[in-house]
Q: 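Below is the structure I would like to discuss, written out as structure tokens.
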Amino acid sequence: MDFIEIEKKWQKKWKEDKIYSFNTARRDKKYYTLEMFSYPSGAKLHVGHWYNFGPSDSFARFKSMQGYEVFEPMGFDAFGLPAENYAIKTGIHPQDSTLKNIATMEHQLQAMGGMFDWDYEVKTCMPDYYKWTQWIFLQLYKAGLAYRKEAPVNWCTSCNTVLANEQVVDGHCERCGSQVVRKNLTQWFFKITAYAEELLRDLDKLDWPEKTKAMQRHWIGKSTGGEIEFTCESGDTFRVFTTRADTIFGVSYVILAPEHPLVDKLTTPEHKAEVEAYKLACSKVSEIDRMSSTREKTGAFTGAYCLNPVNGERVPIWIGDYVIYSYGTGAVMGVAAHDERDYDFAKKYDLLIKRVIKSADGSCDDLPYCEYGVMVNSGKFDGMTSEEGKVAVVKWLEESGKGELKTNYRLRDWLISRQRYWGCPIPVIHCPHCGEVAVPEEDLPVKLPYNVDFTPDGKSPLLKSEEFMNCTCPKCGAPAKRDPDTLDTFVCSSWYYLRYPDAHNDKQAFDPEIINKMLPVDKYIGGAEHACMHLLYARFFTKALRDLGYLKFDEPFTSLVHQGTILGPDGFKMSKSRGNVVSPDDYVSKYGSDAFRFYLMFGFSYTEGGPWNSSGIESIVKFLERMERLVLKIKDMPSSSKQIGAAEKELLYTLNYTIKRVTEDMEVFSFNTAIARIMELVNAMYKYDAEKEKDGELMKDCADKLVLLLAPLVPHIAEELGSVLGKPYPIYRRPFPKCEEKWLVKDEYELAVQVNSRIKAKIVVPVDADNKQIEQIALDCNAVKDAIGAMNVVKVIVIPKRLVNIVAK
RNA sequence: GCCGAUGUGGCGAAAUGGCAGACGCAAGGGACUUAAAAUCCCUCGGGGGCAACUCCGUACCGGUUCGAGUCCGGUCAUCGGCACCA
């Protein structure tokens, strides 16, 4: 069989017959399978795309054969930084390169032979899509979920431009090598923190990998404690967040983040120079480095003091880079005796270390003592446990308005504005009279202009486009300016799954009636690297749009699977710079798309991935040919039938066992074991074929079922074989074989007998034997008797279907 | 650094706490063939033994259990994420 030829043949026919069109009349049987859409940064599909889409498509076909009306759309996440950088380097416009890449990828995806329904394709960079991205932004804006505030960006002083984290290498600009600093700009945010609690709580109802849920939980980072107000000698106040209010009598100093707005005000003239120098140094250190717990703690004294609200002690105010402005209140109290970091800091700068917690049993007197214990040197709280004290202290402070119990989240609001060209324009107008004004919905989309100078020179590229920037205020009609920033591409990808089922609606982002039937997504498949960002943002969008009345469900993705990563043959992540990139095209053109996806499914554990190794693909081709020879041979057999004997029973057992296991394995994306079972079936059929007398009818039934089992995995080959056998077309609409349990029932089975956990014998027992009988058969066995010898049997453990373990001494 | 994961033959990998290595690849041997390819059959973790058999073996150290690749504690190594790559 020429795989390449039959793939062409069936793809042509499938396309002509439009067999993969989603049947909207069967929405009640819908199964929405979604693969994370691709980013068209390279011109071609890479192995990772194949590994995501090929097996997922096989899963979708499996669901289809189970009677579901499968919805499997495809599209492109088309805005983003790489296209812009490519343009800066080559002069090719991002729109041109992106659309060209998309065209190539569409072509390749079609050659893959997936059951994607292209009628629902979306491309996020097209106005008919981003119009609705802007509309959603406006809905969130009107609901108070989008706002502006100052936030730091990576800034290259030489290129005079904002840099993405990936463009910063060891604190220096990847393009020109100069030092990168952090600089504050006014930026747009989505208030995802308003949903922190629900985003955390609803994780419990999702069928997602536990590790992904754990990562989101940590990312959201809920902690309960108290917010406590300190008053400075200058009269200014600030708040600290602490989970250990029980240690407050031991405060040795407080630390503000270097970016804290009070710093400039509080710093005394004699400390000004030192503080300024320290702030500058901090602006050059990345946040990841700042959070490192092994890095030496540094700080600078402001010269100012505040008062400890519980005992009026005079406390020095420092700044230090281990305090992050965006987390909590951007200020912490330092309790040197009971916190590692604070202890190191106090030792280094020779600050007060005062013990206020003792271990409950007095067993540990070393400092720092970071465990819970009993309060001492704490006035009226002496003797109270930490657990009680951390609440009691805050409640006491609450009476004087100086404290409150508070739940804090590590989760920060989502920074969505980018000072870049290739993204979705933000639909806001800045009017000198009216201030911030939302673009009226009827004026959407705010189109991204084509002719824009996007070379980096310190300004948002759109700022340099007169045609784009100048407009009139929708409220007062005065000349006004558009917002020059574009949206983070994660905004575009946070709702595409809502657009797919109603992709061509030009009146609305989506028809609520349709999507409330089509969503949530039943199976979402994509990389684990999205665990915290994309997957959290999409959940946030769903919840926000639900609260705005558009959606009737709480979560976008009921069930989630992460495919693993295919690494280069050297075991490292594929990258051009390493030169270890494997191109799927070479294999696909040589062996065909079926063989290639079959190999991807057989050679790796789907959720693990691993280093690429091409040696197995030839063997896959051999297997497919061996299977084909068998089917064709059976086709020409006489249809004689015969009394069911031992050989037939064995074949029927293997057939039905295979069906059962393949069904279970496909359900959980265990493609490699499903294929292993199918290989066993083929081996069993060959074995039966060697019998002198055989049942032609049985063989034909086996062959038909074999082809059906293979249909999701190698769709073109199965379609061809199905057609050769004279079976109905298309094969993916035929029911998946069902296991007939009666053939799995055996009269007896073998199990192992251990003596002191070492296998000594194999015994055969009747299938209905109870534990007592099994025990007796085991003890009667000669090999077991020899092994026990003169010892006494202490205990016999019988695990039916598994083994017997005899404990003897 | 923090968070999450992974570690099993020469290789890809299987194993609801129950016979480690299913299914394949590679390798070796054999059949068919004038020959080759293709195909088919057998062997295939390591040590010891003529053999029956026996000992060791799932990164490393320890623990729980009749029984641990699997559970618990610790160590090492590798990978993913850490908020402007997506």
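The sequence lines fix the lettering, A, B, ..., with proteins before strands; numbering per chain opens at 1. Note that the coordinates shown come from a computational prediction; the quantities given were computed from them, not determined experimentally.
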Q: Does any residue of residues 78-89 of chain A have a heavy atom under 4.0 Å from RNA chain B, and if so, which ones, in number order?
A: A:Gly80, A:Leu81, A:Pro82

Q: Rounding to an integer number of angstrom, what distance separates B:A5 and B:G9 when you compare their P atoms?
A: 23 Å

Q: For A:Trp495, give me all partners under side chain to side chain donor-acceptor pair (under 3.5 Å), at least two apart in sequence or on another chain.
A: A:Tyr129, A:Thr133

Q: Using the C1' atom in both, what is the distance from B:G18 to B:G12, to the nearest Å?
A: 27 Å

Q: Quick one, A:Asn792 and A:Lys809 - any side-chain contact, counting heavy atoms below 4.5 Å?
A: no

Q: List for me each residue that meets ring-ring contact (aromatic ring centres under 6.0 Å, His included) alongside A:Phe602, sequence neighbours excluded, and say none if there are none.
A: none

Q: Quick check on contacts: within residues 484-492 of chain A, what sits under 4.0 Å from RNA chain B by heavy-atom distance?
A: A:Thr489, A:Phe490

Q: Is the backbone of A:Glu650 close enough, under 3.5 Å, to the side chain of A:Thr654 for a donor and an acceptor to pair up by distance?
A: yes

Q: Do the side-chain N or O atoms of A:Arg418 get closer than 4.0 angstrom to the phosphate oxygens (OP1, OP2) of B:C84?
A: yes

Q: Considering residues at least two apart in sequence or located in another chain, which fulfil the side chain to side chain donor-acceptor pair (under 3.5 Å) criterion with A:Glu667?
A: A:Lys63

Q: Taking side chain to side chain donor-acceptor pair (under 3.5 Å) as the criterion, tell me which of A:Thr298, A:Asp344, A:Asp342 meets it with A:Tyr322.
A: A:Asp342

Q: Glycosidic conformation of B:G9, syn or anti, with 90° from 0 as the boundary?
A: syn

Q: Measure all distances between protein nitrogen or oxygen atoms and nitrogen or oxygen atoms of nucleotides 67-74 of chain B, and list the pairs falling under 3.5 Å.
A:
residue	atom	partner	partner atom	Å
B:G67	O4'	A:Ser757	OG	3.4

Q: Can you list the residues that meet the ring-ring contact (aromatic ring centres under 6.0 Å, His included) rule with A:Tyr688, with sequence neighbours excluded?
A: none

Q: Under 3.5 Å, which protein N or O atoms sit close to an N or O of nucleotides 8-14 of chain B? Give each pair with its distance.
A:
residue	atom	partner	partner atom	Å
B:C11	O2'	A:Asn613	ND2	3.2
B:G12	O2'	A:Gly603	O	2.0
B:A13	OP1	A:Gly609	O	3.2
B:A13	O3'	A:Asn672	ND2	3.0
B:A14	OP1	A:Ser605	OG	3.0
B:A14	OP1	A:Asn672	ND2	2.9
B:A14	O5'	A:Asn672	ND2	3.4

Q: Between A:Lys213 and A:Leu206 (side chain of the first, backbone of the second, donor and acceptor by atom type, cut-off under 3.5 Å), is there such a pair?
A: yes

Q: When you get a sec, tell me which of B:A22, B:G18, B:G80 is the closest nucleotide to the side chain of A:Met215?
A: B:G80

Q: For atom C1', what is the distance between B:A38 and B:C44, given to the nearest Å?
A: 23 Å

Q: Nucleotides 39-50 of chain B: which of its N/O atoms have a protein N/O under 3.5 Å away?
A:
residue	atom	partner	partner atom	Å
B:C40	OP1	A:Arg626	NH1	2.6

Q: If the condition is ring-ring contact (aromatic ring centres under 6.0 Å, His included), which residues does A:Phe604 pass it with, not counting sequence neighbours?
A: A:Tyr51

Q: Looking only at the aromatic ring of each residue, does the gap between the centers of A:Phe541 and A:Phe190 stay below 6.0 angstrom?
A: yes

Q: In dot-bracket, 5' to 3', how would RNA chain B read with Watson-Crick or G-U wobble pairs under 3.5 Å, [ ] for crossing ones and | for pairs to another strand?
A: (((((((..(((.....[....))).(((((.......))))).((((....))))..(((((..]....))))))))))))....

Q: Between the main-chain N or O of A:Met533 and the side-chain N or O of A:Trp414, is there a donor-acceptor pair closer than 3.5 Å?
A: no

Q: On the six-membered ring of A:Phe53, is A:Arg597 placed so that its NZ or CZ lies under 6.0 angstrom from the centre and within 45° of the ring axis?
A: no

Q: Can you tell which of B:C19, B:C84, B:C2 lies closest to the side chain of A:Arg420?
A: B:C84

Q: Of the listed nucleotides (B:G18, B:G24, B:C66), which one gets closest to any side-chain atom of A:Ser619?
A: B:G24

Q: Could you write out each protein N or O paired with an N or O of nucleotides 53-58 of chain B at a distance under 3.5 Å?
A:
residue	atom	partner	partner atom	Å
B:U54	OP1	A:Lys760	NZ	3.0
B:C56	OP2	A:Arg758	NH2	3.1

Q: Under 3.5 Å, is there a donor-acceptor pair between the side chain of A:Gln563 and the main chain of A:Thr607?
A: no

Q: Select one nucleotide: of B:C19, B:G81, B:A83, the one nearest the side-chain heavy atoms of A:Arg410.
A: B:A83

